[in-house]
Amino acid sequence: MDTGNAAWLLISAALVLFMTPGLALFYGGMDRSRNVLNMIMMSFWCLITIPIMWVVIGYSLAQVPFDAAFLGGFDNAFLRGINITGEDGGMTLLTVAFLGMFAVITPALISGAVAGRMKFAAWAIFAPVWTLLVFVPVFKWIYGGWLAERGSLDFAGGTAIHVNAGIAALACVLVLGKRKGWPREGHPPHSMPLVMLGAGILWFGWFGFNAGSALGATGTAIQAFMNTFLAAAAGGLAWAVVERLRDRRFTNLGVASGAVAGLVAITPAAGYVSGMSPIYIGLAAGVVCCFAVTLKTKAGYDDALDVVGIHFAAGLLGSLLIGLFADPEFFGTETMAGLFNGGGLTLLGEQLLANVVAIVYSFVVTLLIMLALKYTIGVRVDADEEMMGLDLSEHREVAYHSDAVSGIE
Amino acid sequence: MLQLVTAVIKPFRVDEVKEALKGLGIAGITMSEVRGFGRQGGHTETYRGSEYQVDFVPKVKLEVLATDEDVQAIVDAIVGAAATGSIGDGKVWVTPVSSVVRIRTGESGAAAI
(Lines give C-alpha, C1' and ligand atoms only; values in the text may rest on other atoms or scores of the structure.)
Protein backbone atom coordinates (compact mmCIF):
# COMPACT_ATOMS: atom_id res chain seq x y z
CA MET A 1 0.00 0.00 0.00
CA ASP A 2 1.22 3.47 -0.91
CA THR A 3 0.83 5.40 2.32
CA GLY A 4 0.83 8.76 0.53
CA ASN A 5 -2.12 7.71 -1.60
CA ALA A 6 -3.91 6.30 1.42
CA ALA A 7 -3.36 9.48 3.44
CA TRP A 8 -4.72 11.71 0.70
CA LEU A 9 -7.75 9.49 0.12
CA LEU A 10 -8.55 9.37 3.85
CA ILE A 11 -8.48 13.16 4.02
CA SER A 12 -10.44 13.51 0.80
CA ALA A 13 -13.17 11.18 2.03
CA ALA A 14 -13.63 13.31 5.15
CA LEU A 15 -13.70 16.47 2.99
CA VAL A 16 -16.46 15.02 0.82
CA LEU A 17 -18.46 14.01 3.89
CA PHE A 18 -18.27 17.62 5.11
CA MET A 19 -19.96 18.78 1.90
CA THR A 20 -23.32 17.30 2.92
CA PRO A 21 -23.72 19.40 6.10
CA GLY A 22 -22.39 22.31 4.00
CA LEU A 23 -25.14 21.65 1.48
CA ALA A 24 -27.64 21.50 4.35
CA LEU A 25 -26.65 25.03 5.42
CA PHE A 26 -26.54 26.27 1.81
CA TYR A 27 -30.08 25.02 1.21
CA GLY A 28 -31.32 25.74 4.75
CA GLY A 29 -30.39 29.41 4.57
CA MET A 30 -32.07 29.72 1.18
CA ASP A 31 -35.38 28.32 2.44
CA ARG A 32 -37.79 30.16 4.72
CA SER A 33 -37.19 30.19 8.47
CA ARG A 34 -40.14 27.86 9.13
CA ASN A 35 -38.64 25.15 6.89
CA VAL A 36 -34.92 25.40 7.64
CA LEU A 37 -34.71 22.40 9.96
CA ASN A 38 -36.64 20.23 7.53
CA MET A 39 -34.23 21.26 4.81
CA ILE A 40 -31.21 20.43 6.97
CA MET A 41 -32.76 17.14 8.08
CA MET A 42 -33.21 16.01 4.49
CA SER A 43 -29.42 16.13 4.07
CA PHE A 44 -28.73 14.57 7.45
CA TRP A 45 -31.18 11.78 6.61
CA CYS A 46 -28.88 10.92 3.69
CA LEU A 47 -25.91 11.01 6.08
CA ILE A 48 -27.51 8.39 8.34
CA THR A 49 -29.14 6.04 5.82
CA ILE A 50 -26.95 5.96 2.71
CA PRO A 51 -23.67 4.77 4.36
CA ILE A 52 -25.45 1.66 5.60
CA MET A 53 -27.20 1.00 2.30
CA TRP A 54 -23.86 1.56 0.55
CA VAL A 55 -21.88 -1.10 2.45
CA VAL A 56 -24.76 -3.59 2.62
CA ILE A 57 -25.48 -3.63 -1.12
CA GLY A 58 -24.75 -0.34 -2.94
CA TYR A 59 -21.01 -0.60 -3.46
CA SER A 60 -21.13 -4.20 -4.64
CA LEU A 61 -23.85 -3.47 -7.20
CA ALA A 62 -22.13 -0.26 -8.34
CA GLN A 63 -18.54 -1.48 -8.76
CA VAL A 64 -18.11 -5.25 -8.53
CA PRO A 65 -17.14 -6.69 -10.91
CA PHE A 66 -15.63 -3.72 -12.76
CA ASP A 67 -17.08 -4.56 -16.17
CA ALA A 68 -19.59 -3.50 -18.81
CA ALA A 69 -22.54 -5.30 -17.23
CA PHE A 70 -25.73 -3.35 -16.55
CA LEU A 71 -25.32 -3.90 -12.82
CA GLY A 72 -22.73 -5.43 -10.50
CA GLY A 73 -23.31 -8.42 -8.29
CA PHE A 74 -23.37 -9.41 -4.67
CA ASP A 75 -19.72 -10.50 -4.28
CA ASN A 76 -18.86 -7.64 -1.93
CA ALA A 77 -22.27 -7.22 -0.32
CA PHE A 78 -22.00 -6.64 3.44
CA LEU A 79 -18.32 -5.76 2.79
CA ARG A 80 -17.67 -9.46 2.24
CA GLY A 81 -14.01 -9.96 1.32
CA ILE A 82 -13.03 -6.34 1.88
CA ASN A 83 -10.80 -5.75 4.88
CA ILE A 84 -7.33 -4.61 5.89
CA THR A 85 -5.65 -8.04 5.82
CA GLY A 86 -5.65 -8.38 2.02
CA GLU A 87 -2.82 -7.58 -0.40
CA ASP A 88 -4.07 -4.03 -0.85
CA GLY A 89 -3.62 -3.26 2.85
CA GLY A 90 -7.10 -1.76 3.07
CA MET A 91 -7.11 0.49 -0.01
CA THR A 92 -10.29 -1.15 -1.29
CA LEU A 93 -11.98 -0.59 2.06
CA LEU A 94 -10.89 3.04 1.85
CA THR A 95 -12.26 3.33 -1.70
CA VAL A 96 -15.62 1.98 -0.51
CA ALA A 97 -15.68 4.70 2.14
CA PHE A 98 -14.58 7.43 -0.30
CA LEU A 99 -17.22 6.52 -2.90
CA GLY A 100 -19.81 6.17 -0.14
CA MET A 101 -19.43 9.89 0.59
CA PHE A 102 -20.50 10.60 -3.02
CA ALA A 103 -23.47 8.27 -2.59
CA VAL A 104 -24.50 10.32 0.47
CA ILE A 105 -24.43 13.75 -1.15
CA THR A 106 -26.07 12.80 -4.46
CA PRO A 107 -29.65 12.28 -3.14
CA ALA A 108 -29.11 15.22 -0.75
CA LEU A 109 -28.65 17.47 -3.82
CA ILE A 110 -32.23 16.66 -4.88
CA SER A 111 -33.67 17.95 -1.59
CA GLY A 112 -33.25 21.60 -2.63
CA ALA A 113 -35.83 21.19 -5.39
CA VAL A 114 -38.55 19.67 -3.19
CA ALA A 115 -38.07 22.18 -0.35
CA GLY A 116 -41.03 23.37 1.66
CA ARG A 117 -43.78 20.84 0.82
CA MET A 118 -42.55 17.22 0.72
CA LYS A 119 -43.78 14.82 3.38
CA PHE A 120 -40.72 13.74 5.37
CA ALA A 121 -41.84 10.10 5.51
CA ALA A 122 -41.80 10.11 1.71
CA TRP A 123 -38.29 11.60 1.65
CA ALA A 124 -37.13 9.04 4.23
CA ILE A 125 -38.00 6.27 1.78
CA PHE A 126 -37.17 8.16 -1.40
CA ALA A 127 -33.53 8.98 -0.54
CA PRO A 128 -32.19 5.40 -0.06
CA VAL A 129 -34.49 3.86 -2.69
CA TRP A 130 -33.45 6.46 -5.29
CA THR A 131 -29.79 5.94 -4.45
CA LEU A 132 -30.16 2.18 -4.96
CA LEU A 133 -32.32 2.26 -8.11
CA VAL A 134 -30.90 5.32 -9.88
CA PHE A 135 -27.53 6.39 -8.50
CA VAL A 136 -26.05 2.88 -8.30
CA PRO A 137 -26.75 1.74 -11.90
CA VAL A 138 -25.79 5.09 -13.47
CA PHE A 139 -22.59 5.08 -11.41
CA LYS A 140 -21.88 1.55 -12.66
CA TRP A 141 -22.26 2.47 -16.34
CA ILE A 142 -20.07 5.55 -16.05
CA TYR A 143 -17.30 4.16 -13.82
CA GLY A 144 -16.00 1.03 -15.46
CA GLY A 145 -19.26 0.19 -17.21
CA TRP A 146 -20.46 0.34 -20.79
CA LEU A 147 -20.51 4.12 -21.11
CA ALA A 148 -16.92 4.27 -19.87
CA GLU A 149 -15.87 1.50 -22.27
CA ARG A 150 -17.28 3.50 -25.18
CA GLY A 151 -14.94 6.32 -24.13
CA SER A 152 -17.02 8.91 -22.29
CA LEU A 153 -15.27 10.68 -19.41
CA ASP A 154 -16.55 11.77 -16.01
CA PHE A 155 -13.74 12.52 -13.61
CA ALA A 156 -15.58 13.13 -10.33
CA GLY A 157 -19.27 12.88 -11.06
CA GLY A 158 -20.59 15.54 -13.44
CA THR A 159 -22.92 13.07 -15.15
CA ALA A 160 -23.12 10.36 -12.47
CA ILE A 161 -23.89 12.85 -9.70
CA HIS A 162 -24.92 16.35 -10.81
CA VAL A 163 -26.77 15.63 -14.05
CA ASN A 164 -28.26 12.53 -12.45
CA ALA A 165 -29.51 14.34 -9.33
CA GLY A 166 -30.47 17.45 -11.30
CA ILE A 167 -32.81 15.69 -13.72
CA ALA A 168 -34.19 13.59 -10.84
CA ALA A 169 -35.01 16.87 -9.07
CA LEU A 170 -37.09 17.90 -12.09
CA ALA A 171 -39.00 14.61 -12.05
CA CYS A 172 -39.64 15.04 -8.31
CA VAL A 173 -41.09 18.53 -8.56
CA LEU A 174 -43.30 17.55 -11.50
CA VAL A 175 -44.95 14.90 -9.29
CA LEU A 176 -44.88 17.04 -6.15
CA GLY A 177 -46.34 20.24 -7.60
CA LYS A 178 -45.69 23.86 -6.72
CA ARG A 179 -45.46 25.35 -3.27
CA LYS A 180 -48.53 27.35 -2.19
CA GLY A 181 -48.29 30.81 -3.66
CA TRP A 182 -45.37 30.13 -5.98
CA PRO A 183 -44.30 32.07 -7.99
CA ARG A 184 -46.68 34.95 -7.12
CA GLU A 185 -45.58 35.01 -3.48
CA GLY A 186 -41.85 35.43 -3.06
CA HIS A 187 -39.83 32.80 -1.19
CA PRO A 188 -36.65 34.74 -0.45
CA PRO A 189 -33.76 33.22 1.56
CA HIS A 190 -34.22 33.62 5.33
CA SER A 191 -30.50 33.66 6.20
CA MET A 192 -27.91 34.70 3.65
CA PRO A 193 -25.02 34.22 6.13
CA LEU A 194 -25.98 30.51 6.38
CA VAL A 195 -26.02 30.31 2.59
CA MET A 196 -22.55 31.86 2.34
CA LEU A 197 -21.14 29.62 5.07
CA GLY A 198 -22.64 26.58 3.32
CA ALA A 199 -21.16 27.67 0.00
CA GLY A 200 -17.74 28.06 1.63
CA ILE A 201 -17.93 24.57 3.14
CA LEU A 202 -18.96 23.15 -0.23
CA TRP A 203 -16.00 24.81 -1.95
CA PHE A 204 -13.62 23.52 0.74
CA GLY A 205 -15.03 20.00 0.57
CA TRP A 206 -14.96 20.03 -3.22
CA PHE A 207 -11.15 19.77 -3.15
CA GLY A 208 -11.67 16.29 -1.72
CA PHE A 209 -14.44 15.58 -4.20
CA ASN A 210 -12.37 16.43 -7.28
CA ALA A 211 -8.72 16.08 -6.27
CA GLY A 212 -9.58 12.99 -4.23
CA SER A 213 -11.07 11.41 -7.33
CA ALA A 214 -7.53 10.93 -8.62
CA LEU A 215 -7.62 8.14 -5.99
CA GLY A 216 -4.11 8.99 -4.88
CA ALA A 217 -1.61 11.73 -4.12
CA THR A 218 -0.66 12.14 -7.77
CA GLY A 219 -0.05 14.81 -10.38
CA THR A 220 -3.61 14.34 -11.54
CA ALA A 221 -4.79 15.17 -8.01
CA ILE A 222 -2.74 18.37 -8.08
CA GLN A 223 -4.17 19.34 -11.47
CA ALA A 224 -7.72 18.59 -10.31
CA PHE A 225 -7.09 20.68 -7.18
CA MET A 226 -5.96 23.69 -9.21
CA ASN A 227 -8.84 23.26 -11.67
CA THR A 228 -11.31 23.21 -8.77
CA PHE A 229 -9.79 26.35 -7.31
CA LEU A 230 -9.99 28.26 -10.59
CA ALA A 231 -13.36 27.09 -11.91
CA ALA A 232 -15.14 28.09 -8.68
CA ALA A 233 -13.62 31.56 -8.79
CA ALA A 234 -14.43 31.99 -12.48
CA GLY A 235 -18.01 30.79 -11.96
CA GLY A 236 -18.62 33.22 -9.11
CA LEU A 237 -17.03 36.06 -11.04
CA ALA A 238 -19.07 35.41 -14.19
CA TRP A 239 -22.38 35.26 -12.31
CA ALA A 240 -21.54 38.42 -10.36
CA VAL A 241 -20.69 40.34 -13.52
CA VAL A 242 -23.87 39.22 -15.31
CA GLU A 243 -25.92 40.35 -12.29
CA ARG A 244 -24.14 43.70 -12.19
CA LEU A 245 -24.95 44.28 -15.86
CA ARG A 246 -28.51 42.90 -15.69
CA ASP A 247 -29.74 43.83 -12.19
CA ARG A 248 -27.25 46.65 -11.33
CA ARG A 249 -25.95 44.92 -8.15
CA PHE A 250 -23.40 42.32 -7.09
CA THR A 251 -25.25 39.92 -4.75
CA ASN A 252 -24.02 37.41 -2.21
CA LEU A 253 -26.37 34.76 -3.53
CA GLY A 254 -25.12 35.39 -7.06
CA VAL A 255 -21.49 34.95 -6.04
CA ALA A 256 -22.26 31.76 -4.06
CA SER A 257 -24.43 30.33 -6.84
CA GLY A 258 -21.83 31.09 -9.49
CA ALA A 259 -19.04 29.51 -7.46
CA VAL A 260 -21.13 26.37 -6.99
CA ALA A 261 -21.98 26.35 -10.71
CA GLY A 262 -18.26 26.57 -11.51
CA LEU A 263 -17.53 23.73 -9.10
CA VAL A 264 -20.24 21.54 -10.62
CA ALA A 265 -19.03 22.24 -14.15
CA ILE A 266 -15.39 21.42 -13.41
CA THR A 267 -16.32 18.20 -11.59
CA PRO A 268 -16.49 15.96 -14.69
CA ALA A 269 -13.49 17.69 -16.27
CA ALA A 270 -11.23 18.17 -13.24
CA GLY A 271 -8.67 15.51 -14.16
CA TYR A 272 -8.85 15.92 -17.94
CA VAL A 273 -8.15 19.60 -18.53
CA SER A 274 -5.27 21.92 -17.71
CA GLY A 275 -3.92 25.44 -18.09
CA MET A 276 -6.58 28.09 -18.54
CA SER A 277 -9.34 25.62 -19.48
CA PRO A 278 -10.86 25.52 -15.95
CA ILE A 279 -11.30 29.29 -16.09
CA TYR A 280 -13.17 29.07 -19.39
CA ILE A 281 -15.32 26.24 -18.03
CA GLY A 282 -16.09 28.17 -14.84
CA LEU A 283 -16.93 31.38 -16.70
CA ALA A 284 -19.25 29.49 -19.03
CA ALA A 285 -21.00 27.83 -16.08
CA GLY A 286 -21.52 31.13 -14.26
CA VAL A 287 -23.11 32.80 -17.26
CA VAL A 288 -25.23 29.82 -18.35
CA CYS A 289 -26.58 29.06 -14.84
CA CYS A 290 -27.34 32.72 -14.10
CA PHE A 291 -29.86 32.48 -16.94
CA ALA A 292 -30.82 28.81 -16.42
CA VAL A 293 -32.28 29.56 -12.96
CA THR A 294 -34.85 31.86 -14.57
CA LEU A 295 -36.31 29.09 -16.75
CA LYS A 296 -38.40 27.58 -13.95
CA THR A 297 -40.65 30.63 -13.70
CA LYS A 298 -41.24 30.67 -17.46
CA ALA A 299 -41.79 26.90 -17.67
CA GLY A 300 -43.80 26.71 -14.44
CA TYR A 301 -41.96 24.00 -12.49
CA ASP A 302 -41.19 24.87 -8.85
CA ASP A 303 -37.54 23.84 -8.51
CA ALA A 304 -37.39 25.69 -5.19
CA LEU A 305 -33.63 26.17 -4.74
CA ASP A 306 -32.54 25.72 -8.37
CA VAL A 307 -31.19 22.18 -8.41
CA VAL A 308 -32.07 21.93 -12.11
CA GLY A 309 -30.83 25.41 -12.94
CA ILE A 310 -27.46 24.87 -11.27
CA HIS A 311 -26.60 21.19 -10.79
CA PHE A 312 -28.23 19.86 -13.93
CA ALA A 313 -27.28 22.78 -16.15
CA ALA A 314 -23.69 23.13 -14.95
CA GLY A 315 -23.13 19.36 -14.77
CA LEU A 316 -24.29 18.91 -18.35
CA LEU A 317 -22.33 21.94 -19.53
CA GLY A 318 -19.10 20.78 -17.85
CA SER A 319 -19.52 17.26 -19.15
CA LEU A 320 -20.01 18.46 -22.74
CA LEU A 321 -17.12 20.91 -22.46
CA ILE A 322 -14.80 17.94 -21.85
CA GLY A 323 -15.53 17.19 -25.50
CA LEU A 324 -13.88 20.50 -26.35
CA PHE A 325 -11.18 20.94 -23.72
CA ALA A 326 -10.00 17.38 -22.90
CA ASP A 327 -6.23 17.37 -23.11
CA PRO A 328 -4.69 14.01 -24.14
CA GLU A 329 -1.12 15.14 -23.50
CA PHE A 330 -2.08 15.65 -19.94
CA PHE A 331 -4.15 12.62 -19.03
CA GLY A 332 -2.81 9.99 -21.36
CA THR A 333 -3.40 9.29 -25.03
CA GLU A 334 -5.37 6.11 -24.47
CA THR A 335 -8.40 8.33 -23.87
CA MET A 336 -9.91 10.55 -26.48
CA ALA A 337 -8.92 14.15 -27.03
CA GLY A 338 -11.33 17.08 -27.13
CA LEU A 339 -12.14 19.11 -30.22
CA PHE A 340 -9.76 21.92 -29.26
CA ASN A 341 -6.90 19.45 -28.83
CA GLY A 342 -7.16 17.78 -32.20
CA GLY A 343 -9.58 15.03 -31.19
CA GLY A 344 -12.47 15.91 -33.49
CA LEU A 345 -16.05 15.38 -32.45
CA THR A 346 -15.85 11.77 -31.25
CA LEU A 347 -15.42 12.55 -27.55
CA LEU A 348 -18.14 15.21 -27.65
CA GLY A 349 -20.48 12.60 -29.16
CA GLU A 350 -19.66 10.11 -26.40
CA GLN A 351 -20.21 12.77 -23.74
CA LEU A 352 -23.58 13.59 -25.27
CA LEU A 353 -24.57 9.92 -25.38
CA ALA A 354 -23.57 9.27 -21.77
CA ASN A 355 -25.57 12.27 -20.57
CA VAL A 356 -28.65 11.44 -22.64
CA VAL A 357 -28.61 7.89 -21.23
CA ALA A 358 -28.25 9.17 -17.66
CA ILE A 359 -30.96 11.80 -18.17
CA VAL A 360 -33.53 9.44 -19.66
CA TYR A 361 -32.92 6.65 -17.13
CA SER A 362 -32.81 8.93 -14.10
CA PHE A 363 -35.87 10.93 -15.15
CA VAL A 364 -38.04 7.89 -15.86
CA VAL A 365 -37.09 5.84 -12.79
CA THR A 366 -37.32 8.85 -10.48
CA LEU A 367 -40.78 9.59 -11.86
CA LEU A 368 -41.82 5.99 -11.16
CA ILE A 369 -40.47 6.08 -7.58
CA MET A 370 -42.26 9.37 -6.88
CA LEU A 371 -45.53 8.15 -8.41
CA ALA A 372 -45.34 4.95 -6.37
CA LEU A 373 -44.88 7.03 -3.20
CA LYS A 374 -47.63 9.45 -4.23
CA TYR A 375 -50.23 6.69 -4.59
CA THR A 376 -49.21 4.86 -1.41
CA ILE A 377 -48.08 7.03 1.51
CA GLY A 378 -48.41 10.36 -0.32
CA VAL A 379 -45.59 12.77 -1.12
CA ARG A 380 -47.04 16.09 -0.06
CA VAL A 381 -47.90 17.62 3.31
CA ASP A 382 -51.39 19.08 3.91
CA ALA A 383 -51.97 22.70 2.96
CA ASP A 384 -52.21 23.82 6.60
CA GLU A 385 -48.99 21.96 7.50
CA GLU A 386 -47.27 23.70 4.59
CA MET A 387 -48.46 27.07 5.88
CA MET A 388 -47.38 26.26 9.46
CA GLY A 389 -43.95 25.26 8.18
CA LEU A 390 -42.39 21.82 7.97
CA ASP A 391 -40.10 22.32 10.98
CA LEU A 392 -43.07 22.28 13.32
CA SER A 393 -45.48 20.09 11.37
CA GLU A 394 -43.00 17.37 10.37
CA HIS A 395 -40.38 17.47 13.14
CA ARG A 396 -42.00 19.24 16.13
CA GLU A 397 -38.97 21.53 16.27
CA VAL A 398 -38.48 25.24 15.68
CA ALA A 399 -35.20 26.74 14.46
CA TYR A 400 -35.30 30.15 16.06
CA HIS A 401 -36.82 30.73 19.48
CA SER A 402 -37.36 34.10 21.00
CA ASP A 403 -37.04 33.07 24.67
CA ALA A 404 -39.89 35.19 26.00
CA VAL A 405 -42.51 34.13 23.52
CA SER A 406 -41.57 30.56 22.62
CA GLY A 407 -43.76 29.09 25.32
CA ILE A 408 -40.95 26.65 26.18
CA GLU A 409 -40.01 26.61 29.86
CA MET B 1 -53.06 63.19 34.24
CA LEU B 2 -50.66 60.63 32.69
CA GLN B 3 -49.76 60.25 29.06
CA LEU B 4 -48.18 57.58 26.88
CA VAL B 5 -45.73 58.87 24.29
CA THR B 6 -45.31 56.40 21.42
CA ALA B 7 -42.74 56.87 18.71
CA VAL B 8 -42.03 54.78 15.61
CA ILE B 9 -38.56 55.66 14.33
CA LYS B 10 -35.74 54.47 12.12
CA PRO B 11 -33.80 51.66 13.86
CA PHE B 12 -30.44 53.38 13.51
CA ARG B 13 -31.68 56.48 15.40
CA VAL B 14 -32.50 54.51 18.57
CA ASP B 15 -29.27 55.36 20.37
CA GLU B 16 -29.59 59.09 19.68
CA VAL B 17 -33.20 59.13 20.92
CA LYS B 18 -32.31 57.09 24.02
CA GLU B 19 -29.48 59.48 24.93
CA ALA B 20 -31.72 62.51 24.38
CA LEU B 21 -34.40 61.05 26.67
CA LYS B 22 -31.87 60.07 29.33
CA GLY B 23 -30.65 63.67 29.15
CA LEU B 24 -34.15 64.72 30.18
CA GLY B 25 -34.00 62.40 33.20
CA ILE B 26 -36.57 59.92 31.84
CA ALA B 27 -36.88 56.89 34.13
CA GLY B 28 -37.71 54.24 31.54
CA ILE B 29 -38.32 53.43 27.90
CA THR B 30 -39.88 50.32 26.37
CA MET B 31 -38.55 49.40 22.93
CA SER B 32 -39.94 46.93 20.39
CA GLU B 33 -38.74 45.91 16.98
CA VAL B 34 -41.66 46.39 14.64
CA ARG B 35 -42.34 46.47 10.91
CA GLY B 36 -44.46 48.85 8.97
CA PHE B 37 -44.77 51.24 6.10
CA GLY B 38 -45.90 54.80 5.61
CA ARG B 39 -45.28 57.17 2.76
CA GLN B 40 -41.77 55.75 2.43
CA GLY B 41 -43.25 52.41 1.23
CA GLY B 42 -41.09 49.30 1.24
CA HIS B 43 -38.03 48.20 -0.70
CA THR B 44 -37.13 45.50 -3.22
CA GLU B 45 -34.65 42.67 -2.72
CA THR B 46 -33.12 40.61 -5.54
CA TYR B 47 -32.19 36.92 -5.25
CA ARG B 48 -30.95 35.02 -8.31
CA GLY B 49 -32.46 37.71 -10.52
CA SER B 50 -35.94 37.53 -8.96
CA GLU B 51 -37.17 40.72 -7.32
CA TYR B 52 -39.11 40.59 -4.08
CA GLN B 53 -41.14 43.58 -2.92
CA VAL B 54 -40.81 44.00 0.85
CA ASP B 55 -43.63 46.32 2.02
CA PHE B 56 -43.11 46.13 5.78
CA VAL B 57 -39.71 47.60 6.62
CA PRO B 58 -38.02 47.32 10.03
CA LYS B 59 -38.76 50.14 12.49
CA VAL B 60 -38.36 50.59 16.22
CA LYS B 61 -41.30 51.52 18.45
CA LEU B 62 -40.50 53.40 21.69
CA GLU B 63 -43.01 53.86 24.48
CA VAL B 64 -42.54 56.30 27.35
CA LEU B 65 -44.97 57.01 30.18
CA ALA B 66 -44.95 60.64 31.32
CA THR B 67 -46.83 63.22 33.36
CA ASP B 68 -48.58 66.06 31.55
CA GLU B 69 -45.86 68.60 32.30
CA ASP B 70 -43.05 66.39 30.84
CA VAL B 71 -44.83 65.35 27.64
CA GLN B 72 -43.91 68.25 25.41
CA ALA B 73 -40.19 68.05 26.28
CA ILE B 74 -40.18 64.29 25.56
CA VAL B 75 -41.91 64.70 22.20
CA ASP B 76 -39.50 67.49 21.25
CA ALA B 77 -36.49 65.42 22.27
CA ILE B 78 -37.63 62.43 20.21
CA VAL B 79 -38.41 64.54 17.16
CA GLY B 80 -35.07 66.31 17.46
CA ALA B 81 -33.02 63.14 17.86
CA ALA B 82 -34.88 60.89 15.37
CA ALA B 83 -35.00 63.31 12.48
CA THR B 84 -32.76 62.71 9.47
CA GLY B 85 -34.83 64.87 7.12
CA SER B 86 -35.43 62.01 4.70
CA ILE B 87 -38.67 60.14 4.08
CA GLY B 88 -39.39 57.35 6.58
CA ASP B 89 -38.28 59.15 9.77
CA GLY B 90 -41.45 57.98 11.53
CA LYS B 91 -44.05 59.51 13.85
CA VAL B 92 -44.63 60.41 17.48
CA TRP B 93 -48.05 60.46 19.11
CA VAL B 94 -49.44 60.97 22.62
CA THR B 95 -52.38 59.15 24.18
CA PRO B 96 -53.99 59.66 27.60
CA VAL B 97 -53.47 56.88 30.14
CA SER B 98 -56.19 56.21 32.73
CA SER B 99 -54.03 54.39 35.30
CA VAL B 100 -50.51 53.07 35.93
CA VAL B 101 -49.38 50.70 38.71
CA ARG B 102 -45.76 49.85 39.63
CA ILE B 103 -45.86 46.07 40.11
CA ARG B 104 -43.15 45.82 42.79
CA THR B 105 -44.58 48.35 45.23
CA GLY B 106 -48.20 48.76 44.20
CA GLU B 107 -47.72 52.54 43.83
CA SER B 108 -50.06 54.10 41.30
CA GLY B 109 -50.47 57.31 39.30
CA ALA B 110 -47.54 59.72 38.93
CA ALA B 111 -45.63 57.89 41.68
CA ALA B 112 -45.51 54.79 39.48
CA ILE B 113 -43.66 56.54 36.65
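Every chain is numbered from 1 and lettered A, B, ... according to where its sequence line falls, protein lines coming before strand lines. Given the structure is predicted, the values throughout are model-derived calculations rather than measurements.
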Approximate separation, where rounding is to 0.5 Å, of [X] [atom1] and [Y] [atom2]:
X        : Y        : atom1 : atom2 : result
A/His187 : B/Tyr47  : NE2   : OH    : 14.0 Å
B/Arg48  : A/Leu305 : CZ    : CG    : 7.0 Å
B/Ser50  : A/Asp247 : OG    : CG    : 9.0 Å

For [X], look at atom [atom1] and say whether over 12 heavy atoms of other residues, nucleotides or ligands are found less than 6.0 Å away.
X        : atom1 : answer
A/Arg246 : CZ    : yes
A/Tyr301 : OH    : yes
B/Ile103 : CD1   : no
A/Phe204 : CZ    : no

I'd like to verify something: which residue of A/Thr294, A/Val242, A/Asp306 has the highest number of heavy-atom pairs under 4.5 Å with chain B? A/Asp306
Select one option (side chain, backbone, both, neither) describing which atoms of A/Asn252 are under 4.5 Å from chain B's heavy atoms.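 No part of A/Asn252 comes within 4.5 Å of chain B.
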Suppose a student defines contact as a heavy atom less than 4.5 Å from any heavy atom of chain A. Which residues in residues 54-91 of chain B would they list?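 Heavy-atom contacts from residues 54-91 of chain B to chain A are absent.
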